[in-house]
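Have a look at the structure below, then the notes.
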There are 2 protein chains.
Amino acid sequence: MDNLYAQLFDCGCIKFGEFKLKSGIMSPVYVDFRTLVTYPEALRSVAKAMLVVMKGLSYDRVAGIPYAGLPLGVAVSLEGNVPMLYPRKEVKSYGTAKLIEGGYNPGETVVVIDDIITDGASKIEAIEPLKDAGLIVKDVVIVLDREQGGAAKLAEAGYTLHSVGTLSQVLESLVRQGKVSEEKRDEVARFIAEHQFK
Amino acid sequence: MDNLYAQLFDCGCIKFGEFKLKSGIMSPVYVDFRTLVTYPEALRSVAKAMLVVMKGLSYDRVAGIPYAGLPLGVAVSLEGNVPMLYPRKEVKSYGTAKLIEGGYNPGETVVVIDDIITDGASKIEAIEPLKDAGLIVKDVVIVLDREQGGAAKLAEAGYTLHSVGTLSQVLESLVRQGKVSEEKRDEVARFIAEHQFK
């Protein structure tokens with residue numbers, strides 16, 4: 001996975017510095033896969049890696065979570081020839097008004113596709129309309145697990161998290177490749193250990 | 001283009017019946033490319049057709065307009081190896097808050113990618129944040145022109161519309177392929193003629 005992690009670092013999907021999180025907390029690492037659309041080759045590599053993770057799973061469709069999960073979902077769908085759907089962030093009030101775009105049949109199993117997981121809350125929220133529509137969700141496939149308790153939160157809600165890699169694995173790989181210092185790795189590891197969601 | 005139009009019809013992207021439009025008007029035709037994500041092969045065919053339309057244009061990046069234009073933009077980006085960006089429908093208030101996701105440099109030219117055009121208003125609205133960010137927009141590439149005045153509206157605003165096909169072309173093709181009756185074609189043509197946006 002060294003190549004893929006180097007690609008993600010070079011694309012600016014994983015940045016080191018000082019970043020303000022949603023909670024107001026300052027983080028030494030910022031992971032942002034929305035920028036991945038700038039690099040179609042990297043997006044394709046990530047999609048291929050996600051399809052490898054999905055090999056053991058059984059599913060009818062993939063569901064990309066807007067926004068970051070949408071391009072990932074499309075790339076996985078095109079690369080793996082899997083039908084895709086997505087829950088909208090807001091509902092249209094005209095035409096064929098829907099909460100979910102893309103075809104599906106109730107009772108089908110969908111794998112949820114997204115970029116990262118922090119505390120897992122946004123995943124559980126995004127899965128709600130899929131379940132309300134009669135779809136079965138068992139697995140969530142992401143690119144990067146920040147290892148801050150998200151996997152456990154999903155497990156409590158009945159979902160299994162599968163990630164291409166964890167933040168520790170990415171850090172170790174980047175240190176090995178001389179792209180991140182050991183000091184920075186340790187600083188990020190401390191931050192993650194100190195910021196666990198229970 | 002017969003194959004592509006048949007594919008779009010079979011996918012349910014173009015439906016005939018009675019549909020309530022945003023304006024409250026009942027339409028005999030409903031065009032909805034959001035369902036295209038259900039059919040990765042058709043999505044890839046559409047992306048290839050859009051890249052053919054884009055051949056004469058010069059651009060640095062493509063901009064997909066959420067939601068329908070986003071999967072189309074990703075497919076064009078992957079198929080043509082072109083960097084993509086997209087304007088968000090709402091702005092995040094934390095992290096690296098942005099109106100536009102994906103990398104770009106002011107002064108670069110972007111081609112706007114979307115599914116259809118009706119009166120052109122939503123295109124002009126979606127282009128605003130791109131121009132505010134210093135990007136140059138000259139061309140808008142869509143799959144289907146409903147021929148209700150959108151191209152003229154865009155031209156007035158300084159943009160050139162390019163479409164894979166027009167609704168008339170699609171109708172003629174579907175009649176030729178025995179997928180739509182001549183009566184339905186005439187009904188749709190009357191509707192379009194009677195509902196022009198000035």
Are [Y] and [X] linked, directly or through intermediate hydrophobic residues, by side-chain heavy-atom contacts shorter than 4.5 Å (ILVMFWY only)?
X: A/Ile113; Y: B/Tyr39; value: no
X: B/Leu72; Y: B/Leu57; value: yes
X: A/Met1; Y: A/Met50; value: yes

request  = For each of B/Pro71, B/Ala47, B/Ala68, tally heavy-atom pairs with chain A at distances under 4.5 Å, and name the one with the top tally.
outcome  =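 Looking at each of B/Pro71, B/Ala47, B/Ala68 in turn, B/Pro71 comes out on top.
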request  = Start with the C-alpha gap between B/Arg44 and A/Leu78, add the side-chain angles, then the distance that decides, and say whether side-chain contact (heavy atoms from CB on, under 4.5 Å) holds.
outcome  = CA-CA 7 Å; B/Arg44 189 178 289 110; A/Leu78 288 171; 3.8 Å; yes
Shortest non-hydrogen contact from [X] toward [Y]:
X: B/Thr38; Y: A/Pro83; answer: O-CB, 3.3 Å
X: A/Val37; Y: B/Gly102; answer: CG2-CA, 4.1 Å
X: A/Gly103; Y: B/Thr35; answer: N-OG1, 4.1 Å

Would you find more than 12 non-hydrogen atoms of other residues, nucleotides or ligands less than 6.0 Å from [X] atom [atom1]?
X: A/Asp10; atom1: CG; value: yes
X: B/Gln177; atom1: CD; value: yes
X: B/Glu187; atom1: CD; value: yes
X: A/Gln196; atom1: CD; value: yes

inquiry  = Shorter than 4.5 Å, heavy atoms on both sides: which option in A/Asn81, A/Val62, A/Leu43, A/Leu70 has the most such pairs with chain B?
reply    = A/Asn81
message = For the CG atom of B/Leu36 and the CD atom of A/Glu101, what is their distance to the nearest 0.5 Å?
response = 12.0 Å
B/Arg88 vs A/Tyr67 side-chain heavy atoms within contact, under 4.5 Å = yes
Region of A/Tyr86 in contact with chain B, defined by heavy-atom distances below 4.5 Å =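 Only the side chain of A/Tyr86 comes within 4.5 Å of chain B.
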